[in-house]
Amino acid sequence: MLERYGHGGDLWTAAETFGMPKDQFLDFSSNMNPLGPPETVGFIFSSRWKEVVNYPDPAVRELTRKLAAKHKVDEDCILVGNGAAELIDLAVRVLRPGLTGLARPSFGEYEEAVAKIGGRVYDIPLSEASGYELKLSDVKEAASLCDLLFLGHPNNPTGRLLPGEIVSWLAAGGIPAIIDEAFLDFSPREEELTLTRTAAESSSLMVIRSMTKFYSIPGIRLGYIVANPERIRLMKRLQVPWSVNALAQWIGSSVLEEREYAVRTLEWLKEEREVLTGKLRKLGLRVIDSDANFILFSLRPLGLTVQALQAEMGRRGILVRDASLFAGLDETWCRVAVKLREQNEKLLAGLTEALSVLQGSAETEDAVPAAVGTPDRGLAPTLMIQGTSSDAGKSLLTAALCRILLQDGRRVAPFKSQNMSLNSYVTPDGKEIGRAQGMQADACRIPATTDMNPILLKPKKDMISQVVVHGKPFRDLDARTYREKYLPEAERVVKEALTRLRRDFDVVLIEGAGSPAEINLKNRDIVNMRLAGWADAPVLLVADIDRGGVFASIVGTLEIFTPEERSRVKGFIINKFRGDISLLKPGLDWLERRTGKPVLGVIPYLHQLELEDEDSASLDRRLAERQIGEKQPGMLDIAVLRLPRISNFTDVDPLEYERDVRLRFVETPEQFGEPDAVIVPGSKNTVDDLLYLRNGGLERKLVDFAENGGWIVGICAGYQMLGCRLLDPELVESNQPELRGLGLFPTETVFAREKRTVQAQGTTGLYARQGQRFPITGYEIHMGQTSFLEPVEHPFLLLPAADDTEPAADGVVNGDGRRFGTYVHGILHNDDFRRAWLNRIRESKGLEPVPAELRFQERREAAFDRLAAHVRQHLDMDRLYEMIDRKEG
């Protein structure tokens with residue numbers, strides 16, 4: 001990864017990566033003026049070098065005077081700093097916003113500055129469909145929720161200027177905002193569009209400017225901020241003394257006089273940006289119109305990733321920016337600077353060659369080689385985790401290794417070719433994969449993609465599953481048809497996905513499925529040993545000692561393997577151990593003598609890990625282990641209906657860690673008891689699970705509970721069940737074209753063949769104090785469309801998703817707020833909203849409110865680190881790295 005330190009222009013890393021001297025690269029990854037520094041810069045270096053024996057002016061007076069004259073503001077409204085980066089940090093430290101609105105994608109240092117002061121970020125999504133132009137309505141919505149807006153003008157990496165109506169709105173109102181005008185110098189409309197004069201007179205607006213890009217002096221760190229004098233004084237107190245060195249002050253004062261240089265720059269850019277944009281489009285790329293000196297484009301139309309392109313271009317001595325590192329962009333986005341005509345032609349020639357090579361290799365059937373490690377293959381090494389049985393702990397061990405390798409500086413990705421699970425995960429581009437691979441991607445701190453789990457099987461009925469291929473439903477197939485008709489095609493899908501990951505990352509950790517020793521399945525296996533062969537992956541075999549028979553399961557599995565498969569197994573991990581390990585050692589010694597393979601570790605059972613389960617089998621195990629005590633005074637009793645086809649049950653996970661909640665799952669009327677609230681969760685088969693509630697007596701319990709003022713939440717399928725009617729005219733969900741619902745909401749749902757899978761973001765005023773709105777995030781996965789039989793109140797307002805054009809109202813809430821339904825999975829993962837809901841229930845019970853203490857995502861991130869530390873402590877990491885790096889001896 002060339003952006004190891006978060007920026008483009010890292011020639012040192014490029015030299016290490018591609019084995020070329022730094023001065024031989026043509027650098028399109030950073031956005032400097034290709035005219036080079038003005039001549040006055042060279043004059044200063046040659047004429048004033050002896051003056052560096054003196055301290056610089058601590059008040060930067062000369063440069064400040066010239067900047068004040070340039071912008072027609074008072075000198076006490078300007079603070080000069082060591083580049084825009086220092087000023088971003090200072091401004092945020094002074095304002096200390098709790099919630100900051102960021103347009104996504106945007107420059108990563110904004111979010112880093114907010115994170116340093118413990119703040120949170122509210123996404124203002126920019127739509128690819130609209131060319132990443134920011135909408136005034138979205139900015140106003142964010143302003144109503146946030147303490148601060150932080151916006152690029154123009155945006156980096158899209159290059160789009162703020163629309164005139166937003167500039168006018170910011171200039172007219174008292175909206176707390178920081179505007180980054182680092183690239184505004186490159187616009188001929190700079191004087192018309194800049195907000196510097198407004199910032200000098202405003203108590204709420206601040207404008208940051210950079211001098212390094214326009215004058216091509218990034219080695220001389222120089223920038224400034226314009227704000228009202230009080231804000232400037234506060235930032236000066238925090239600024240390090242002599243932050244701006246003498247050379248930077250002299251050069252900054254000098255380049256401001258270079259009028260002809262500025263004119264030549266604008267003339268060059270207008271022509272070259274237009275020419276380069278047109279030629280990039282001719283290569284088949286999706287190019288975003290830019291107002292700056294750089295261009296953002298996507299490789300999606302060519303089916304390629306930017307990481308693969310960056311590697312190919314680097315080998316040709318040309319550096320491009322991996323724009324997928326900007327939050328909000330996927331792995332297909334790339335950014336390049338606009339340079340002089342001769343340089344741009346070299347870029348285009350290199351792109352033409354690289355794209356030809358990449359498209360050719362992507363179309364080659366044997367793209368995944370039989371062996372890794374031969375020269376010029378360009379594929380990352382792999383390591384595979386297989387289990388002697390299902391639920392041996394493969395998913396969590398893979399997640400642990402993902403975090404460990406990340407901590408050790410490796411760019412790592414997870415992979416599971418085929419997953420069977422009802423607990424799914426929605427990727428940033430609105431696709432559906434297995435929950436485990438989404439969790440593992442989170443452990444790697446990378447966006448999840450469908451390449452990490454190209455095939456997902458979601459059981460619907462006995463022996464029938466919905467087959468999801470690269471995140472989209474393919475069709476419902478029975479086990480025999482899937483095995484005999486689809487698996488040959490699945491091999492190609494799996495190989496291509498794995499190849500892309502191996503081109504894009506340093507290491508790929510592969511998780512197997514079930515047991516690799518199923519004799520009847522081995523000849524068409526795409527998840528275990530045949531996959532290990534395609535990837536040339538060393539295999540670690542994991543066994544669950546908690547089940548008993550651990551040595552028999554390991555030896556028996558090896559006995560069923562062919563000699564080639566046995567040789568691929570490089571060691572064992574014994575998982576979920578409880579007790580004194582010294583008592584186990586004789587068995588370990590015997591196992592190593594018997595098999596000739598090492599035990600790399602015995603992993604003790606880790607209680608209360610707090611990472612989500614993958615499927616209903618793991619949920620059953622977790623429930624069996626949980627200790628549900630008596631309800632204590634002051635606690636809320638919350639019951640979750642344990643549907644036979646329950647899905648995305650991780651929706652309720654945060655409730656387990658709320659100190660005033662007793663969470664339990666209910667399967668029968670006898671278990672219903674007297675809860676304070678009931679949650680009806682998601683289901684893979686809404687109709688069958690509704691009939692389960694009706695036929696088993698839980699429907700009557702739930703309706704009676706509602707009639708007596710009970711608090712009820714319906715999520716996705718649960719929301720559908722709580723309505724009046726379920727309609728299935730095309731028999732998508734079942735063989736019943738119409739079914740009566742529970743009648744608790746005035747809604748009807750029609751099932752359709754197209755599934756909606758999107759990440760969701762928006763706001764809600766439900767349970768909030770007057771005038772307040774909570775930001776919410778989550779995701780949608782459903783095949784039903786719900787309409788309303790009478791006017792209702794919609795509790796949630798969702799921002800437009802990828803294929804939408806307008807905000808959408810979601811869900812329904814009854815008059816007193818005791819019942820609400822929503823399509824947003826993860827709604828209870830929103831900490832402030834969840835606590836407000838719980839406190840309303842407490843209020844209705846005459847209990848005092850409890851402050852919002854649980855920050856679930858922070859707790860989840862800490863759980864990854866806890867898991868990694870636990871596994872690292874008990875695993876032979878030296879041997880594991882030898883396997884990854886193919887140094888087994």
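The chain is numbered in sequence order, starting from 1. Owing to the predicted nature of the structure, the values given are computational and were not obtained by experimental measurement.
- Taking the six-membered ring for Trp and thresholds of 30 and 60 degrees, Phe788 and His794 have ring planes more than 60 degrees apart, a perpendicular arrangement.
- Counting only distance, with no hydrogens or angles, the side chain of Asn419 and the backbone of Ser421 share no donor-acceptor pair below 3.5 Å.
- How far CG of Leu698 is from CG of Leu690: 11.5 Å, rounded to the nearest 0.5 Å.
- To the nearest 0.5 Å, the span separating CG on Leu151 from CD1 on Ile178 amounts to 10.0 Å.
- At least one donor-acceptor pair under 3.5 Å links the side chain of Thr764 to the backbone N or O of Pro795.
- Here Leu799 contributes atom CG and Lys135 contributes atom NZ; the two are 10.0 Å apart, rounded to the nearest 0.5 Å.
- Across all non-hydrogen atoms, the minimal contact from Pro97 to Thr100 is CG-OG1, 3.1 Å.
- Considering only heavy atoms from C-beta on, Arg642 stays 4.5 Å or farther from Val666 through its side chain.
- Between Phe796 and Phe833, the distance separating the two ring centers is shorter than 6.0 angstrom.
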Item checked: His825 and His782: CA distance, side-chain angles, deciding distance, side chain to side chain contact (heavy atoms under 4.5 Å, CB included) verdict -> CA-CA 10 Å; His825 288 287; His782 56 93; over 6 Å; no
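- Thr786 and Tyr823 are linked by a side-chain donor-acceptor pair at a separation below 3.5 angstrom, with hydrogens and angles left out of the test.
- Side-chain N/O atoms of Gln761 and Thr777 include no donor and acceptor closer than 3.5 Å.
- Distance alone, capped at 3.5 Å, is enough to place a donor-acceptor pair between the Asn648 side chain and the Ser424 backbone.
- Atom CE of residue Met783 and atom SG of residue Cys716 lie 11.5 Å apart, to the nearest 0.5 angstrom.
- Here the closest non-hydrogen pair linking Gly101 and Ile124 is C-CD1, 3.9 Å.
- Put simply, the side chain of Val640 reaches to within 4.5 Å of the side chain of Leu663, judged on heavy atoms.
- For Gln770, the CD atom counts as loosely surrounded, since its 6.0 Å shell holds 12 or fewer non-hydrogen atoms of other residues, nucleotides or ligands.
- For the residue pair Gln440 and Lys416, no side-chain donor N or O sits within less than 3.5 Å of a side-chain acceptor on the partner.
- Put simply, the side chain of Arg818 gets close to the backbone of Gly709: a donor and an acceptor are under 3.5 Å apart.
- Closest of all the heavy-atom pairs between Gly817 and Trp711 is O-CZ3, 3.3 Å.
- Between Gly784 and Thr749 the shortest heavy-atom distance is CA-CG2, 3.8 Å.
- Inter-residue side-chain proximity for Glu748 and Leu727 is flagged as met; some heavy-atom pair is nearer than 4.5 Å.
- Panel note: side chain Gln671, backbone Glu667; a donor-acceptor pair is recorded below 3.5 Å.
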Next item on the list: Apply side chain to side chain contact (heavy atoms under 4.5 Å, CB included) to the pair Phe745 and Arg819, showing each step before the final yes or no.
Entry: CA-CA 9 Å; Phe745 293 139; Arg819 300 194 300 271; 3.8 Å; yes
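- Using bins of under 30°, 30° to 60° and over 60° for the plane-to-plane angle, the ring pair Phe150/Tyr110 lands in the parallel bin.
- Enclosure of atom CD in Glu674 is not indicated, since only 12 or fewer non-hydrogen atoms of other residues, nucleotides or ligands lie within 6.0 angstrom.
- The CG atom of Asp330 sits 9.5 Å away from atom OG1 of Thr449, with the distance rounded to the nearest 0.5 Å.
- Of the possible donor and acceptor atoms, none in the side chain of Tyr692 sits under 3.5 Å from a partner among the backbone N and O of Arg645.
- Judged purely by atom type and a 3.5 angstrom limit, Arg694 uses its side chain to pair as donor or acceptor with the backbone of Arg740.
- Panel note: side chain Glu733, backbone Thr686; a donor-acceptor pair is recorded below 3.5 Å.
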Notebook entry, point to check: Should Phe864 and Asp442 be marked as a side chain to side chain contact (heavy atoms under 4.5 Å, CB included) after you check the CA-CA gap, both sets of side-chain angles, and the distance that decides it?
Noted result: CA-CA 9 Å; Phe864 282 126; Asp442 292 342; 4.0 Å; yes
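- Each of Arg842, Arg859, Arg835 was checked for a salt bridge (charged side-chain N to carboxylate O under 4.0 Å, His left out) with Glu658, and the lone residue meeting it is Arg835.
- In this structure, the side chains of Tyr425 and Tyr779 stay at 4.5 Å or more apart for every pair of heavy atoms.
- Here the shortest heavy-atom pairing between Thr450 and Thr427 reads N-CG2, 4.3 Å.
- The side-chain heavy atoms of Leu145 and Thr763, taken from C-beta on, include a pair separated by under 4.5 Å.
- No salt bridge links Arg866 with Glu861; every basic N to acidic carboxylate O contact stays at or beyond 4.0 Å.
- Under the side chain to side chain contact (heavy atoms under 4.5 Å, CB included) test applied with Leu838, the options Leu847, Asp676, Val850, Leu655 reduce to a single match, Leu655.
- For Ser395 against Met439, the heavy-atom pair with the smallest separation is O-CE, 4.2 Å.
- Between the side chain of Asp831 and the backbone N or O of Phe856, at least one donor-acceptor pair lies under 3.5 Å.
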Note to self: Checking Ser683 against Asn685 for the side-chain hydrogen bond (donor to acceptor under 3.5 Å, both in side chains) test, could you report, in this order, the C-alpha distance in whole Å, the side-chain angles of both residues, the deciding distance, and whether it holds?
What the structure shows: CA-CA 5 Å; Ser683 166; Asn685 193 311; 5.9 Å; no
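- A salt bridge between Asp832 and Arg855 is present, with a side-chain N of the basic residue lying under 4.0 Å from a carboxylate O of the acidic one.
- The CD1 atom of Ile166 sits 10.0 Å away from atom CG of Leu149, with the distance rounded to the nearest 0.5 Å.
- Checking side-chain atoms of Asp147 against main-chain N and O of Leu99 turns up a donor-acceptor pair under 3.5 Å.
- Taking the side chain as every heavy atom from C-beta outward, Leu456 and Glu432 approach each other to under 4.5 Å.
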Notebook entry, point to check: Val468 and Phe474: side chain to side chain contact (heavy atoms under 4.5 Å, CB included), yes or no, with the steps?
Noted result: CA-CA 5 Å; Val468 179; Phe474 172 61; over 6 Å; no
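- Using a 4.5 Å heavy-atom threshold, the side chains of Pro737 and Asp728 count as separate.
- Taking 4.5 Å as the limit, some side-chain heavy atom of Glu780 sits within range of a side-chain heavy atom of Leu798.
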